[in-house]
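We count ligands from 1, going down the list as the structure has it; atoms in each ligand are counted the same way.
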Amino acid sequence: MNYVGEITGVGSFLPPKAVTNFDLEKLLNTNDEWIQQRTGIVKRHWVENNVSTSDLAYEASIEAIKNAGISNTDIDMIIFATLSPDHDFPGTGCFLQAKLEVPNITVLDIRQQCSGFLYGLSIADKFIRTGEHKNILLVGAEIHSKGLDKTPEGRDVSVLFGDGAGAVVISAKEATGDSSQSQIISCALHADGSFAKELWLPGPGNAFNSDSRCSKEMIDEGLHYPKMNGRNVFIHAVKRMAETLSQTLAKNKLKIDDVDLFLFHQANIRINEKVAEVMQIPADKIFNTIQDYGNTTAATIPIGMNDAIKAGKLKKGMTVGMAAFGSGFTWASGVLRY
Ligand code: UT7
């Protein structure tokens, strides 16, 4: 029997505390006008101290599983994408698994940063098509707020990021051969590690001439805060997102007109506007959430998917185009029929 993977349930969770640009003015040497004009962000959500990444993931997962009309115990694999795990090891997928009370199933943690959700979607699609798994829970979840430099020195990075989680259930369906069948149609995954230090978190880590992966010197130098060459990331993001999505559409003989909705990674509204300009995508076909949530990295696309469903912008049978770009550099695109 041949199987395809259909997204049968979507969920998301944003921690209740909203942090506006005006709130950040009090911490960083920044202002609402700069942030809105350069990024499109108005506010983001940050967790309280007692909340972990797997806590956010749990809430999003419960909603996705409920919307799929199944029980936790019907899930036979978890794929967890995050760059901000609960702990260095084991992966946050195992902590989520324990919270969901689904022992003995396959759990796979992946990184891939802002492209994490699309990498996970492609992996899930392959596992489904082998017939080995029936219901895969794919989660993207991040807590950035605990890792940001909240002093004026960190302003270029710290205004951009928010906390949140998004989840989808991908279920195996017998392939009918009908082109209108709901399914993950195609994904393309890319990386270029020669740009790894353009957006990265140096410490803690083993690539230091030190007998400790976490030293006081490292912290004194601020190596535990993310570093970014924003302008270079911006230029490559526009180029690569447009390139990979154009290739994926062409490979599947789809034109812009055939796509009902575009869900792009949410790093900067200007990146998405440029991609739209290059690809000649009408603005009303792109669903952005960055204004409310900032950049939630691996969680941006599933959060956007859930908001689009709730807003009536994403309905069953629609064709969706997706693209993401981020640290690594990694980038990816995908097309699905919802
Ligand atoms: O998910 C993937 C990861 N990230 C991205 O995709 C981010 C890609 N990059 C970007 O989105 C943009 O490069 C940023 C939003 C990060 C920065 O925008 P920009 O237009 O490239 O600004 P810039 O870095 O060229 O800085 C312009 C000015 C500088 O001042 P001077 O040198 O012109 O006097 C900065 O010091 O803005 C200053 N600046 C700020 N001012 C107020 C930098 N950050 C801030 C801030 N508030 N938060």
Trainee: Under 3.5 Å between any N/O of Asn31 and any N/O of ligand 1: does that happen in this structure?
Mentor: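 So ligand 1 has no N or O lying under 3.5 Å from an N or O of Asn31.
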Trainee: Determine yes or no for a side-chain-to-main-chain donor-acceptor pair under 3.5 angstrom, with Thr92 supplying the side chain and Ser54 the backbone.
Mentor: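 No, Thr92 side chain to Ser54 backbone: no donor-acceptor pair under 3.5 Å.
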Trainee: For atom 19 (P) of ligand 1, is the nearest protein heavy atom closer than 4.0 Å?
Mentor: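 True for atom 19 (P) of ligand 1.
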Trainee: Which ligand 1 atoms does Ala267 reach within 4.0 Å, using its non-hydrogen atoms?
Mentor: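 Those qualifying, in numeric order: 1 (O), 2 (C), 5 (C), 6 (O).
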Trainee: If we count only non-hydrogen protein atoms and require a distance under 4.0 Å, does atom 29 (C) of ligand 1 qualify as touching the protein?
Mentor: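 It does not: no protein heavy atom is found less than 4.0 Å away from atom 29 (C) of ligand 1.
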Trainee: So which atom in Phe287 and which in Gln266 form the shortest heavy-atom distance, rounded to 0.1 Å?
Mentor: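 That would be O-NE2, 3.8 Å.
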Trainee: Do you see a protein non-hydrogen atom under 4.0 Å from atom 34 (O) of ligand 1?
Mentor: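 No.
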Trainee: Does Glu198 form a side-chain hydrogen bond (donor to acceptor under 3.5 Å, both in side chains) with Asn229? I'd like the steps, not just the answer.
Mentor: CA-CA 5 Å; Glu198 291 296 276; Asn229 179 352; 3.0 Å; yes
Trainee: Any non-hydrogen atom of Gln113 lying under 4.0 Å from ligand 1?
Mentor: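 Contact check Gln113 vs ligand 1: negative.
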Trainee: Looking at Tyr3, I'd like to know if the NZ or CZ of Lys134 sits under 6.0 Å from its six-membered ring centre while staying within 45 degrees of the ring's axis.
Mentor: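 Relative to the ring axis of Tyr3, which defines the angle, Lys134 lies inside both limits.
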Trainee: Give the atom numbers and elements of ligand 1 that come within less than 4.0 Å of a heavy atom of Thr39.
Mentor: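 Counting from 1, the qualifying ligand atoms are 15 (C).
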Trainee: Where the closest heavy atom to atom 24 (O) of ligand 1 is concerned, which of Arg231, Glu198, Met228, Arg38 has it?
Mentor: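 Shortest heavy-atom distance from atom 24 (O) of ligand 1: Arg231.
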Trainee: Are Glu101 and Asn72 close enough, and set up right, to give a side chain to side chain contact (heavy atoms under 4.5 Å, CB included), and what steps lead you there?
Mentor: CA-CA 8 Å; Glu101 298 181 34; Asn72 293 12; 5.7 Å; no
Trainee: Around atom 36 (O) of ligand 1, find the nearest protein heavy atom and jot down its residue, atom name and distance.
Mentor: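 The answer is Arg155 NH2, 3.0 Å.
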Trainee: Tell me which pairs pass ring pair (Phe, Tyr, Trp, His ring centres under 6.0 Å) where either residue lies in residues 136-195, with sequence neighbours left out.
Mentor: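 Found His144-Phe161, His190-Trp331, Phe195-His236, Phe195-Phe329.
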Trainee: Going by the closest heavy atom to atom 46 (C) of ligand 1, which one wins out of Thr30, Asp156, Val159?
Mentor: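 That would be Thr30.
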Trainee: Would a distance-only check, ignoring hydrogens and angles, find a side-chain to backbone donor-acceptor pair under 3.5 Å from Ser122 to Leu118?
Mentor: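 Here the side-chain-to-backbone pair does not exist.
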Trainee: Do the two ring centres, one from Phe117 and one from His265, sit under 6.0 Å apart?
Mentor: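 No, they do not, as the ring centres are separated by 6.0 Å or more.
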Trainee: Please state which option from Asn268, Ile41, Thr300, Asn21 has its nearest heavy atom closest to atom 12 (C) of ligand 1.
Mentor: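 Ranked by closest heavy atom to atom 12 (C) of ligand 1, first place is Asn268.
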Trainee: Where the closest heavy atom to atom 40 (C) of ligand 1 is concerned, which of Phe329, Phe325, Trp331, Trp34 has it?
Mentor: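 The residue whose heavy atom sits nearest atom 40 (C) of ligand 1 is Trp34.
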Trainee: Using the six-membered ring of Tyr338, assess whether NZ or CZ of Lys316 lies under 6.0 Å from its centre and within 45 degrees of the ring axis.
Mentor: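 Yes, a cation-pi geometry.
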Trainee: Could you check whether Ser210 and Ser212, counting side-chain N and O atoms only, form a donor-acceptor pair closer than 3.5 Å?
Mentor: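 No, because no side-chain N or O of Ser212 sits under 3.5 Å from a partner of the opposite role on Ser210.
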Trainee: May I ask you to check whether Arg270 has an N/O atom sitting below 3.5 Å from an N/O atom of ligand 1?
Mentor: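 For ligand 1, there is an N or O atom that lies under 3.5 Å from one belonging to Arg270.
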Trainee: Should one rank Leu199, Ile271, Asn29 by closest heavy-atom distance to atom 3 (C) of ligand 1, which comes out on top?
Mentor: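 Residue with the shortest heavy-atom distance to the ligand atom: Leu199.
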Trainee: Suppose we measure from atom 5 (C) of ligand 1 to each protein heavy atom; which comes out shortest, and what is that distance?
Mentor: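 Sorting protein heavy atoms by distance from atom 5 (C) of ligand 1 puts Val233 CG1, 3.5 Å first.
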Trainee: Which one holds for Ala237 and ligand 1: side chain close, backbone close, both close, or neither close, with close meaning a heavy atom under 4.0 Å?
Mentor: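 Neither part.
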Trainee: Heavy-atom distance to atom 8 (C) of ligand 1: which of Pro152, Ser115, Gly230, Pro226 wins?
Mentor: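 Shortest heavy-atom distance from atom 8 (C) of ligand 1: Gly230.
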Trainee: Side chain, backbone, both or neither: which part of Asn295 comes within less than 4.0 Å of ligand 1 when only heavy atoms are counted?
Mentor: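 Near ligand 1, Asn295 shows its side chain, while the N, CA, C and O stay back.
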Trainee: Give a yes or no answer on whether the side chain of Asn306 reaches the backbone of Pro302 with a donor-acceptor pair at less than 3.5 Å.
Mentor: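 Not a single qualifying donor-acceptor pair exists.
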